[in-house]
Amino acid sequence: MGRSQQLREEELQSLQRGYGDATEQFAAMNEVLIALGRSSSEPDAVLHSIVASVRRLCRCEAAGIYLIEGGHLVLSSSVGFSTEYVSYLGERPFQLDRASLLGRVTQDGQTQQVPDVLADPEYGRQDVQKIVKFRTVMAAPMLLDDEVVGALSLVRTEVDPFDDRALALVGAFAAQAAVVVRNVHLISELEERGVELARKVEQLEALSEVGGVVSSSLVLDEVLSNIIMNAVRFSECDGGSIMEYDEDERSFSVRTAYATSPDLLARLRKIAFDVDTTLVGRAALAGHPIAVPDLGTVPLDPHLRLLFDDGWRSVLAVPVLRGERIIGALVVRRKTPGDFPAETVEFLETFASQSALAVWNAQLFRELETKTAELQVASQHKSEFLASMSHELRTPLNAVIGFSEVLLERMFGELNERQDEYLRDILSSGRHLLQLLNDILDLSKVEAGRMELERSTFPVTGALEYGISMVRERAAAHGIGVTLEVEEGLVTLDSDELRFKQVLLNLLSNAVKFTPDGGRVAVVARRRDDDLHVSVTDNGTGIRPEDRERIFESFQQGRRGAQSEEGTGLGLTLCRRIVALLGGTMSLETELGVGSTFGFTVPLADAVTDSSRSTDGTAHLPVVIVIDDDHASLDLTAAYLDGLGVQVVPARSGEEGLELIRARSPKAVVLDIRLPGLDGWDVLTRLRADDATRTVPVIIASILDEKSRGLSLGAAEYLIKPIGREALVGALRRVGGLPEEPMPGRDGRHPVPIPGTV
């Protein structure tokens, strides 16, 4: 009975010790896990917690974590070692060999122990043993994806081998230490990537800024100055220049420079540098950058000699190319010798491409200005000639027509049948020629901007009936029925009655002319939003797809009828121009063998007029105000909107734009952000704060990519320069700044847009 009691007490004590050990181990593990949670910010504290815990749990005198650095095992964190030992290892770290247990576990990748280092013939670090006086040592490798990154080591000063529990514990703690090392590596890599990313962002911002300047300005010196400034700044150089190439002289000259003394710049600009004998020339001919890390070690061409004498010691020349054509060279330089990193060279090649684009744009703009001036002169001469010719021919034609009518009225005696026939042919031909001259004169007036509209209020039905009456006799002669349908409520129209009837009559005449005998022509007038829409439909032959554009060109009829069909070939061209002046658009829907529908719109509402601001026949049109301080951008926007039924009113500053918006009540506003004085953000904010202008649609057109900010402040659309015509016109249509596109026809087909009117 006594023996059983004793066994139960020993078993109980053993269980209590096991429970105590397990509790202590759990607490230590929990402490380490908590520390692991903050390892990203305090990695050293976590490693210290690991060695302290493993030392306590394994009941040893000292413990340490060693990391592999530069082919050695370097003590990173320890508990229980003397200052002398730590200092000694700093000068003589453990090697990755089998002379120490640390070296062995890093080679074998397994946890091991040496029961007594003094009895181990392979143990070779007796120097450290004498300092610490340890006898038993145990170590476990720290593994990351099967790669050893360090080791965890424990020592006892007495010969006291570690049991299996201790071996398992040190292996677990070594794994946790490896996790900490991984986190440290990840954080280090993340910081490096962050620095690299910040630099890339800065470079992209610089490229974006340069790209914005290139796309928004045609002042070449301004663009090149911005490019070389950013190139020098982001390549971490001390100065630089951009050189322009002269193909005829085969030489370079300095166009602009940054961080360059006035004396050096003056001397550089006095010399033309030959393409065959200079560094910049060699780079341009080779088509890739060439660097000189030390000017003191190479032969100096005239360009490099000037730089060297001024104190510059290293140079990088980057060719500026347009395809295979040499445009110039971008040169950056430093006051100290040294290589240029590959990343810098690549970055500067991008800036060189921007320089090429800027020079190319400037050259094209100069050519465009020259051609535009020549075309304006030619257009003026053409209009003057047509007007003069029309007036000079009108007098004899009046005589031909008048005498023909007198003779046909038998005022000077009877005519025989053949004389009557010939006189009628003469009269018909004279009237045809007179109509041609009138059309030419009208067209020349429109193109020259001299056609003046005479607005009045007239009945819609009366004007439509007048047009039908003018073609009724000819239609009846061929058995063609002409019908009229006017939507209820369309009573009067405020427009130019004469020009309205001219367009209608031309469309009706064409419909009757190209409709076969026994056919039909329908005239329909309906309200479409704020416009009157008039359509003329025939069941004639229709128009071939290849002729639907050409038919609106001057002196073109399209292949709809016989070649003998009379016509000036100017009617539809003139109609399109007149409708645009009236503030409307034209449309065409047609199907070969079925027929055609020509339509046009005229605004029903009163148009805004201001004779003090417009004298070119567009004063009655809806207003679109464009606020931009760049003259070229204003001209381009006006060209995009030419012929679309709106009056473009420019403003060169934010203050002027606000005044115009309040005075003109525009259909829409196109707003740049970078403006002198009051910028675009301030203009938009004030528009939205004013009850009188709050509802005016604003389209931002800027080089700044801040769409979310613009929309949050109340912009209706946000466009980033450079802006194509389609994008601008589409944005204006969406906000109601332009007349809507033609609606689908009765059969579901969309009308064909007339060039220049939509």
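Values in this document were obtained by computation on a predicted structure and should not be read as measured data. Computed over heavy atoms, backbone and side chain alike; hydrogens, waters and symmetry mates excluded.
For the pair R325 and Y245, the NZ or CZ position fails the cation-pi test of under 6.0 Å to the six-membered ring centre and within 45 degrees of the ring normal.
For S712 (side chain) and G710 (main-chain N/O), no donor-acceptor pair under 3.5 Å exists by modelled atom type. Proximity of a side-chain donor or acceptor of E655 to a complementary backbone N or O of L678 within less than 3.5 Å is detected. The closest donor-acceptor contact from the side chain of R333 to the backbone of S314 lies at 3.5 Å or more, if one exists at all. The main-chain N or O of T277 is never found under 3.5 Å from a side-chain atom of R282 such that the two would form a donor-acceptor pair.
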From CA spacing to verdict: side-chain contact (heavy atoms from CB on, under 4.5 Å), K335, W312: CA-CA 5 Å; K335 292 287 188 179; W312 300 93; 3.8 Å; yes
Stepwise side-chain contact (heavy atoms from CB on, under 4.5 Å) check, L644 with R725: CA-CA 12 Å; L644 296 185; R725 180 179 184 273; 3.5 Å; yes
Worked check of side-chain contact (heavy atoms from CB on, under 4.5 Å) between L671 and I699: CA-CA 6 Å; L671 174 64; I699 299 172; over 6 Å; no
Evaluation steps, side-chain contact (heavy atoms from CB on, under 4.5 Å), between I627 and D672: CA-CA 6 Å; I627 307 176; D672 190 18; over 6 Å; no
Worked check of salt bridge (Lys or Arg N to Asp or Glu O under 4.0 Å) between R686 and D682: CA-CA 6 Å; R686 295 191 185 187; D682 293 332; 5.9 Å; no
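One distance of note links CD1 of I703 with CD1 of I720; it measures 10.5 Å at 0.5 Å rounding. Rounded to the nearest 0.5 Å, atoms CZ (R255) and CG (L330) are 14.5 Å apart. Here CG of L300 is found 9.0 Å from CG of L307. Values are rounded to the nearest 0.5 Å. We find the CD-CG distance between E656 and L658 to be 10.5 Å, quoted to the nearest 0.5 Å. In this structure, S587 OG and R576 CZ are separated by 13.5 Å, a value rounded to the nearest 0.5 Å. In this structure, L268 CG and D310 CG are separated by 8.0 Å, a value rounded to the nearest 0.5 Å.
Side-chain atoms of L732 and V646, non-hydrogen and from C-beta on, never get closer than 4.5 Å to each other. In this structure, V623 and Q647 have side chains that are in contact, with non-hydrogen atoms separated by less than 4.5 Å. Side-chain contact between L285 and D276 is present, with at least one heavy-atom pair separated by less than 4.5 Å. A heavy-atom distance below 4.5 Å is found between the side chains of R334 and F340. The shortest side-chain heavy-atom distance between I673 and E706 does not fall under the 4.5 Å cut-off. Side-chain atoms of D294 and V298, non-hydrogen and from C-beta on, never get closer than 4.5 Å to each other.
Heavy atoms only, all atoms of each residue included: T344 and S235 are closest at CG2-CB, 3.5 Å. For A284 against L321, the heavy-atom pair with the smallest separation is O-CD2, 4.2 Å. In terms of heavy atoms, D628 sits closest to D630 at OD1-N, 2.9 Å. The minimum heavy-atom distance linking T693 with L687 is given by the pair OG1-O, 2.8 Å. Shortest non-hydrogen contact noted between G645 and P622 is O-CD, 3.4 Å. Closest approach of A731 to L719, counting heavy atoms only: CB-CD1, 4.1 Å.
F234 and F347 have perpendicular rings, their planes meeting at more than 60° on a 0 to 90° scale where under 30° would count as parallel.
Between the side chains of W681 and D679, no donor-acceptor pair of N or O atoms lies under 3.5 Å.
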